[in-house]
Amino acid sequence: MEEEQTKASINKTAQKEQKKSEKDKNGIIGGLVFGATAVFATYQIYDKFFEFAIGKILVYILGVLAFICFAVAISSFFDFKESKKLEKLDEDIRREEKEFSEIDPEKRALKAEKMLRMNQKELIRYYDMNLAQTKFFLVLVLW
């Protein structure tokens, strides 16, 4: 019985959902690592095989791949900043909701103020998320 509980707790930790900021951080690291690897491979092929047609093709392909990897890393960096901001807002909203639930129902004015603050934070969160998406599409269109 104890062994089954241990396995269940291990499965829970293995299936733990990553936060968006952690995924974005992984995107930054992955983009930089694969971009650097592509740049290194591009340089090696350029140094040894550029005089051949296949060498030129590989250099151009790997150069574009390196550029895309670095662009993904930059995009993930901006997403990381936004997701950290949204996670902080979510934490504030949860705290406000907890305080809201602890207010005595007789104190309507205080409850209304708390509700107003909670709604303002939700609105700020929505505006920030919308702004981040708009920035992404603007960069995509201008590129």
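Counting only heavy atoms from C-beta outward, the side chains of D92 and R95 approach each other to under 4.5 Å. With contacts defined as side-chain heavy-atom distances shorter than 4.5 Å, the pair F50/V59 qualifies. Annotation: side chain of K19 is not in contact with side chain of K23 (no heavy-atom distance under 4.5 Å). Put simply, the side chain of M118 does not reach to within 4.5 Å of the side chain of I93, judged on heavy atoms. Side-chain contact between F70 and L32 is present, with at least one heavy-atom pair separated by less than 4.5 Å. Side-chain atoms of Y43 and V39, non-hydrogen and from C-beta on, never get closer than 4.5 Å to each other.
No continuous path of ILVMFWY side-chain contacts below 4.5 Å connects V72 to I74, so the two sit in separate hydrophobic clusters.
With values rounded to the nearest 0.5 angstrom, T42 atom OG1 is found 7.5 Å from L65 atom CG. Put simply, CD1 on I45 and CG on L62 are 5.0 Å apart, with the number rounded to the nearest 0.5 Å.
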Quick one, K20 with E87, criterion salt bridge (Lys or Arg N to Asp or Glu O under 4.0 Å). Give me CA distance, side-chain angles, the key distance, then yes/no. CA-CA 9 Å; K20 178 145 177 25; E87 285 174 9; over 6 Å; no

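What you find for E82 and D128 is that their closest heavy atoms are OE1-O, 3.8 Å.
For the side chain to side chain contact (heavy atoms under 4.5 Å, CB included) with E96, the qualifying choice from R117, Q120, E91, M115 is R117, the only one to do so.
Within 6.0 Å of NZ in K85 there are 12 or fewer heavy atoms belonging to other residues, nucleotides or ligands.
Side chain of S83 to main chain of D79: a donor-acceptor pair is present (N/O by atom type, distance under 3.5 Å, no hydrogens or angles).
Residue pairs satisfying the side-chain hydrogen bond (donor to acceptor under 3.5 Å, both in side chains) criterion with at least one member in residues 45-63, sequence neighbours excluded, are listed as follows: Q44-K48.
Not counting sequence neighbours, the partners of F80 by the side-chain contact (heavy atoms from CB on, under 4.5 Å) test are S21, D24, K25, I28, K84.
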